[in-house]
Asks: 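Right, I'll just put the structure down here and ask away after.
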Protein chains: 2
Amino acid sequence: MTETANQEEPREIILKISLKLFTQKSYFKTSIADIARETSISSGSIYHVFKNKEAIAQALYDDLMERMDDSLAEIRRTHKTVADRTRAVVDLLFTLTEDAPEVMRFLLLSNYREFLPTEKSLSSSPAFEGFKEILSDGIKNGDIRRMNPATAYASFYGTILESIRMSLEGLLEKPISAYNHELWDSAWRAVVRR
Amino acid sequence: MTETANQEEPREIILKISLKLFTQKSYFKTSIADIARETSISSGSIYHVFKNKEAIAQALYDDLMERMDDSLAEIRRTHKTVADRTRAVVDLLFTLTEDAPEVMRFLLLSNYREFLPTEKSLSSSPAFEGFKEILSDGIKNGDIRRMNPATAYASFYGTILESIRMSLEGLLEKPISAYNHELWDSAWRAVVRR
DNA sequence: GTCTATACGCCGATAGAC
DNA sequence: GTCTATCGGCGTATAGAC
C-alpha cells in the first residue's frame, strides 16, 4: 500500500461514480465527460487508469461478480440443507437490493450484455450457476420434487428476481426484506417435494 | 386505402426492420443509416415517416402493447376461471416467444425504458396490470391463497418471464412450449390455495 | 414522398506539457 | 500520474432538388 490510509484511490472513485451514472442514466448516455465532472478527475486521468469506457464497465462487473461468488462460497460453508441455503441466497440478494441497489440495478436492469458483449447472461454467470446447483442438489436428495432443473431455477429464482425488479422500480410498498419470508415461502412451494 | 394491395407500407417495413435491429444489436448501436440500408429506404424518407429515432421505438412499443392488450381482452372473454385464464396467458406469452421472439426480446431484454424514458416498466404496463388483476381476482374468489398480490404476481409471472428469458438466451434444450404444462404447474403451485 | 448531400454536435480517445 | 487541449469520426437530423 503506497497510499496514506483513508485516501480513496482514483480507480475506486471512478468505479463508484460510474456505477451510479450507468444505473441512473444508462451506460450509453453516460459520457466520459460526465464521469470526469462527477469524480473531479480529468478525462485524461480516467484514461490513464482504464483503457477505455468499456473497461470501466468490465471492472465493475468483475468486482460485483467476485463479491457474489465469495458470498455464495460463504453460504455453502455455513448452511447445509437446501432450504437453509436458498434462504441465505434470498437474504443475500434482498440485502444487496436494499444496501446497494445500484449493484442490483446493474445486474438486473442495465442489460449489461449490450456493452459487455463477451459476458454471459446473469443466469449463466458462475454465481447464478451456483444458485442453480443448490436446487439441483435438492432434486438429487429429494428435498425438491423431481422436475426439470431449468424449471426449478425459473420458478424459484424467477420469483425472487422479479420481486427484486419490482422493488427497484418502486412497485413495493415496503422494503423488500419485509417480504422475505413470504417470498421465500412462495418460491419454495413451487419446487418443494409435496 | 390509397395503396394497391400487397404493397407493404414504408412505415411497416421500417418498423419490422427496426425491431429486428434493435433486438439484434440494441437500440443505441443501431443507426438510422443501418435502418436505411436494411430497408432500402433512404434516411431522408425515414425521417419523413418518423419524427426521429425515438419515435420509431415508440411506435414499435405502442403496436406491441396494443396487440398484447387485445390478446388479454380476448382471453378474458373466452376463459372464465383463474386457472384457465392464467393458462391462456402463459400460452400467449410462450407462443409469442416462439413465433415472434423479437417481440419478447424487445419487451424483456431490450430495457426499452432507456430509450423510451416516459414508458412504464413492463410489470406496470396495462397488459401486465391485467395479468396481475387475473391473480387478484383469484385471491378474492379463493382459487388463490390469501397472499400479497405483489407476491402472487412475482411468483407466477416471475416464473414465466424468467423461463422466457432463458428460452431467448438459448438456455433451454427444447422450444419453450414443450415446458408449457410443467411451467404453468410450477407457477400455479406457488399461488394455488392448498 | 423519395432521394442525395451535408451541417453540426457530441463523444471516445490521444497528445503532450507539467 | 495529473492535467488541458484537441482530433477524428460517427450519427442524428435537416435542406432542398426532383
Asks: Excluding sequence neighbours, so at least two apart, what forms side-chain contact (heavy atoms from CB on, under 4.5 Å) with R189(B)?
Replies: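 Expected list: R145(A), D185(B).
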Asks: List, one per line, each side-chain donor-acceptor pair under 3.5 Å for residues 168-175 of chain B, sequence neighbours excluded.
Replies:
from    : atom 1 : to      : atom 2 : distance (Å)
E169(B) : OE1    : R113(A) : NH1    : 2.4
E169(B) : OE2    : R113(A) : NH1    : 3.4

Asks: Can you list the residues that meet the ring pair (Phe, Tyr, Trp, His ring centres under 6.0 Å) rule with Y179(B), with sequence neighbours excluded?
Replies: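 Y179(B) satisfies ring pair (Phe, Tyr, Trp, His ring centres under 6.0 Å) with no other residue.
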Asks: Which residues satisfy the ring pair (Phe, Tyr, Trp, His ring centres under 6.0 Å) test with Y112(A), sequence neighbours excluded?
Replies: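 So Y112(A) forms a ring pair (Phe, Tyr, Trp, His ring centres under 6.0 Å) with Y61(A).
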Asks: Not counting sequence neighbours, list each pair that qualifies as a side-chain hydrogen bond (donor to acceptor under 3.5 Å, both in side chains) and has a residue in residues 148-159 of chain A.
Replies: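 Applying side-chain hydrogen bond (donor to acceptor under 3.5 Å, both in side chains) to every pair that reaches into residues 148-159 of chain A, excluding sequence neighbours, yields T151(A)-E182(B), S155(A)-S186(B).
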Asks: Counting only heavy atoms and a strict 4.0 angstrom limit, can you tell me which residues of residues 30-53 of chain A come near DNA chain C?
Replies: T30(A), S31(A), I32(A), Y47(A), N52(A), K53(A)
Asks: Could I get the full list of side-chain contact (heavy atoms from CB on, under 4.5 Å) partners for E38(B), not counting sequence neighbours?
Replies: I17(B), K20(B), L21(B)
Asks: Under the ring pair (Phe, Tyr, Trp, His ring centres under 6.0 Å) test, which residues partner F128(B), sequence neighbours left out?
Replies: F131(B)
Asks: Which pairs pass side-chain hydrogen bond (donor to acceptor under 3.5 Å, both in side chains) with one or both residues in residues 89-105 of chain A, sequence neighbours excluded?
Replies: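 Found D91(A)-N180(A), E98(A)-S177(A).
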Asks: Who pairs with F94(A) by ring pair (Phe, Tyr, Trp, His ring centres under 6.0 Å), at least two apart in sequence or on another chain?
Replies: none
Asks: Would you grab the first and last nucleotide of DNA chain D (5' to 3') that comes under 4.0 Å of any non-hydrogen atom in chain A?
Replies: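 Using the under 4.0 Å cut-off, the span is dG1(D) to dA5(D).
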Asks: Looking at F156(A), does the NZ or CZ of K132(A) lie under 6.0 angstrom from its six-membered ring centre and within 45 degrees of the ring axis?
Replies: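 Verdict for F156(A): no cation-pi partner in K132(A).
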Asks: For DNA chain D, which residues in residues 111-118 of chain A have a heavy atom at a distance below 4.0 Å?
Replies: none
